Amino acid sequence: MTAFRSLLAAAALCAGPALASPCTDQADALDRQLSGTADAAVSASSGGQGVAAARESQAVQPPPGNQPAPPSGPFQSPPREAQATQRAADAGAAGDRVVQAKATVNRARELAGRGDEAACLGAIAEARRQMGP
Amino acid sequence: MIANLSRRGLLGGIAAGGLVLGIGLPAARGQQQQRFGADGMPNGWRDDPRLFVAIAEDGIVTITCHRQEMGQGVRTSIPMVIAEELEADWSKVRVTQAPGDEARFGNQDTDGSRSLRHFFTPMRHAGAAARTMLEAAAAKQWGVPAEEVRAANHAVLHEKSGRSLGFGALARAAAEMPVPDRTTLRLKDPASFRLIGKDTVGLLDNHDITTGRAGYGIDARVEGMLHAVVARPPVFGGKVTSFDAAEALAVPGVVKVVAIDAPAIPSEFQPLGGIAVIARNTWAAMQGRDKLKITWDDGPHAVYSSDTYRAQLQEAARKPGKVVRSAGDVDRALAGAAKRVEAEYYIPHLAQTPLEPPAALVRIRDGQCEAWACTQAPQATRTRLAQRLKLPEDKVTVHVTLLGGGFGRKSKPDFVLEAGLCSQAMDGAPVKLTWTREDDLHHGFYHTVSVERLEAGLDADGKPVAWLHRSVAPTIGSIFAPDPKHELPLELGMGMVNLPFPIPNIRMENPEAVAHARIGWFRSVSNIPHAFAIQSFVAELAHAAGRDPKDYLLELIGPPRLYDPTDLGDVWNHGEDPKRYPIDTGRLRRVVEAAAEGIGWGRAMPQGSGLGLAGHYSFVSYVAAAVEVKMGSRGEISFPRVDIAIDCGPQVNPERIRSQMEGAVVMGTGLALSAEVSFKDGRVQQNNFDAYELTRIDSAPREIRVHLLPSRDYSQPLGGVGEPGVPPVAPAIANAVFAATGKRIRQLPIRDQLTT
């Protein structure tokens, strides 16, 4: 467990009764899912700002299409580049949606900590929407 | 003089002198299983020694460098790694430059401070494999087990019999040996390194550079070449409505005027379009350009003016935006805080302004296109050149020259494409296309402009309990996708969302910003505005809390611990494995402490002098800068001393790391004091270095002391070096100015904010 996760756990413990709520259970499950997608987003990008910027910007396409834009000038063979861009898109729009959903999950935890289960569940639903299909 | 590698050249070498450990096509090895770092890059990596090592019968070892040299020393450091494992005598090593060919060499895109991060291990393997082949050849010749021989100092020895053979004598036989599997290679014990981590090797190209023999893109020359310059749209996205070239064509020496189509938007790396003037010499081309009569359609970005845009960014920063990180309840914590502090920081557009402006030479003959260019990305250049000229990619060769600075500008091959189009218009005649300094400033890929707004709530002890950061900036993504309005994950991950301060209530937002200029990456990229804002704000909080800025910063960083960057909302992490490259607050602490100790933090300062400090994590390295400023009687700033400390993990070439840190301080000083690109009616207002001022000798720090935090564990991952030195410099300067004057700098450049 990382120090940050330890910190989150400590914060959750302080929240007391909310820890065991159905909403925090859902938040935990969503967090695990988001962590996996976050790693996929990292791997779908690259070490250089040029390639990463190209892939990320093509992967982050607004609804309703949510399809990655075709690579404007490939950095490798077109099929491989298209595959890489698709992988970035699949990884929560190159992590863009993951970042937003993570923030919303954290807000859900905060709401649960205050005992507002309904608002927490609302935030969880919002996080799921942010993650996309 | 930089030498380029070509198949013909190598074969010629074989015929002439017995170059026997030569190239071969790379074996497609299992590179698909891993996903991060070099594995995730287009075309991955190679470690086949036949690609990188050639040994002649006279013993000269020629090492091919597939990364681009722009002053960072990669043409020294990559060969050092190979030579180390090869047991080569450095005095017998020569270096040749690979052309753009990632199918052969693996990724060549030299950006992101990652040449050694990605290629340290593959290059060690290449050197060790070549050494193993030499040892195998010697063992076979002597009829002894391979385990009984070992390479040392450019020869292979058999201690039992006292026999030895030099590399040259073994080269031909070694070439016949099978390339060993990398899993069987015996890498050197770092304790026996002679080159890596030592200060024994100077910059390979130093002599040529300092004596004028070095060959840059702007020096490229072939017989009968023509020269070209381009009149480009003065506003990004503009195009030619009509033009009259009669007077231009009347200029002696001008041979042709050629229209270049404006690109579709997003324009990626394509030329901006305009009118090219091709002439017998550069001067005639420039004179001809001046005589062109062009009517421009400025397009939608003619409304772009920096003053009004800044106001728009500020307005956006004062309203909620897309939430990109959240913990706790910031609003409640701010409402309940004992003290609230808020500040807005403005960081303008910057231009990379490499001292060698973009320049390229292209020739097309017999269906083959050859380019000589100062490019950071030769494969991307090759691909786009082929596309634009409608040639098969294997008919295009990109020779890489030395780069007289790059800083991200030369990752974009638009200038090479312009040269290619001009050559094509001249039926393939060689055309050298040159950008003037004015061209470079007016038609660049600019560093973004941003407003960073921070708010914090402090408790009764002055400790932050809430942190709100809004970053508003047009994104690099605008050159790749239509009309994006938010920063990309990679931009947010550059020192914003991955803030490693254990504050219980944090919210970070990214309101919308529309790009009106061509945005590109500039050395250190978004780390510059993020570090400037955050490290300035920390010092502001320290002041509000009545605390020493260094102590306060260290308390905010907290005790040593590791963060998974994705837990903080950084889903880029420079493409590196978050588990292998966690954020280590202990390392951040240590560089802050080292820089502070170096400058003598806490010593009594005379009136008008002050110390400032900043620390920042970027490109998976940790850097802190401590700056001493001295104010003159009219508010002019001088820098008696800067101490900069870096922890980049294991070090390959300490001399180059120091050099990069020194360069970063000089560049950081310039962007803090004087560098700014501003727009009015869509046009860049700065023309040359009189208005876009770089650091000059009289404004450079008198003394720069670099502190390299030791790391001898070469099993640990390497960090970046080329870029991470820049971000902490400007905030350290601003903090020092505050210490000296009590005036807080919240916008860059400082320029005349302090003069009376």
Side-chain angles (χ1 to χ4, degrees), chain A residues 2-8 11 31 34-35 37-62 68-69 71-77 80-81 84 87 91-96 98-100 102-107 109-111 113-114, chain B residues 35-38 40-43 102 109 111-112 114 117-118 266 268-269 322-329 377 379-380 383-384 387 408 411 475-478 480-482 484 486 488-490 492 497 502 504 507 521 525 561-564 566-569 571-578 582:
Chain A
T2 66
F4 185 68
R5 284 182 175 140
S6 304
L7 201 69
L8 281 179
D31 243 351
L34 287 168
S35 292
T37 313
D39 282 358
V42 173
S43 69
S45 274
S46 74
Q49 43 261 34
V51 175
R55 287 183 186 168
E56 289 184 1
S57 57
Q58 286 154 4
V60 181
Q61 290 300 298
S72 47
F75 294 90
Q76 55 190 337
S77 69
R80 287 179 68 184
E81 189 63 27
R87 270 206 310 273
D96 181 62
V98 178
V99 166
Q100 294 176 70
K102 268 179 172 283
T104 307
V105 169
N106 286 337
R107 182 160 57 85
R109 290 185 194 284
E110 186 64 22
L111 291 164
R114 281 193 236 155
Chain B
R35 304 180 303 172
F36 300 103
M41 290 303 299
N43 298 306
E102 292 189 356
D109 191 5
D111 72 356
R114 60 195 169 78
R117 196 167 93 223
H118 283 184
E268 209 237 20
F269 303 147
K322 184 170 94 173
V323 178
V324 292
R325 181 177 163 192
S326 175
D329 187 335
Q379 178 62 49
T383 304
R384 283 151 187 79
Q387 285 176 334
S411 293
T475 173
I476 289 172
S478 57
F480 296 109
H486 292 285
L488 295 169
L490 81 116
L492 297 169
V497 294
R507 192 167 71 241
W521 46 100
V525 205
R561 62 205 185 281
L562 302 178
Y563 286 106
D564 182 326
T566 63
D567 284 343
L568 302 182
V571 292
W572 182 45
N573 197 38
H574 301 273
E576 301 294 352
D577 185 345

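Chain identifiers are assigned alphabetically (A, B, ...) following the order of the sequence lines, protein sequences preceding nucleic acid strands; residue numbering begins at 1 within each chain. Bear in mind that the values here come from a model prediction, so they are computed numbers and not experimental data.
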B/Asn43 side, atom CG; A/Phe75 side, atom CZ - distance, nearest 0.5 Å = 11.5 Å

Selection from [options] maximising heavy-atom pairs under 4.5 Å formed with chain B:
{"options": "A/Arg107, A/Arg55, A/Gln49", "value": "A/Gln49"}
{"options": "A/Ala84, A/Ala40, A/Ser77, A/Gly95", "value": "A/Gly95"}
{"options": "A/Gly50, A/Ala93, A/Ser45", "value": "A/Gly50"}

query = Okay, side chain of A/Asn106, backbone of B/Ser326: is any donor-acceptor separation there less than 3.5 Å?
reply = yes

[X] versus chain A, the contacting section by heavy-atom distance below 4.5 Å:
{"X": "B/His486", "result": "neither"}
{"X": "B/Arg507", "result": "neither"}
{"X": "B/Glu102", "result": "side chain"}
{"X": "B/Asp329", "result": "both"}
{"X": "B/Val324", "result": "both"}

Quick check on the interface: out of [options], who has the most heavy-atom pairs with chain A under 4.5 Å?
{"options": "B/Pro578, B/Ala38, B/Gly408", "answer": "B/Pro578"}
{"options": "B/Gly477, B/Gly328, B/Ala380, B/Pro484", "answer": "B/Gly328"}
{"options": "B/Gly112, B/Gly37, B/Pro42", "answer": "B/Pro42"}
{"options": "B/Asp577, B/Ile476, B/Val323", "answer": "B/Val323"}
{"options": "B/Leu492, B/Thr475, B/Leu488, B/Asp109", "answer": "B/Leu488"}

inquiry  = Please classify the contact between A/Gln76 and chain B as side chain, backbone, both or neither, with a heavy-atom cut-off of under 4.5 Å.
reply    = both

query = Between A/Ala53 and chain B, which part of the residue has a heavy atom less than 4.5 Å away: side chain, backbone, both or neither?
reply = both

task = With side-chain contact (heavy atoms from CB on, under 4.5 Å) as the test, would you mind laying out the steps for B/His574 and A/Val42 before giving the verdict?
result = CA-CA 8 Å; B/His574 301 273; A/Val42 173; over 6 Å; no

If you look at every heavy atom in [X] and [Y], which pair is closest and at what distance?
{"X": "A/Ala38", "Y": "B/Val571", "result": "CB-CG1, 3.8 Å"}
{"X": "B/Phe480", "Y": "A/Ser57", "result": "CB-OG, 2.9 Å"}
{"X": "B/Pro489", "Y": "A/Ala94", "result": "CG-O, 3.3 Å"}
{"X": "B/Phe36", "Y": "A/Asp39", "result": "CE2-O, 3.7 Å"}
{"X": "A/Val99", "Y": "B/Gly569", "result": "CG2-O, 3.4 Å"}

key: Under the side-chain contact (heavy atoms from CB on, under 4.5 Å) test, residues paired with B/Ser411 that sit two or more places apart   = B/Asp111, B/Gln376, B/Trp521

ask   = Does a side-chain N-to-carboxylate-O contact under 4.0 Å join B/Lys322 and A/Asp96?
value = yes

ask   = Going through the checks in order, is the side-chain contact (heavy atoms from CB on, under 4.5 Å) test met by A/Glu56 and B/Trp572?
value = CA-CA 10 Å; A/Glu56 289 184 1; B/Trp572 182 45; 3.8 Å; yes

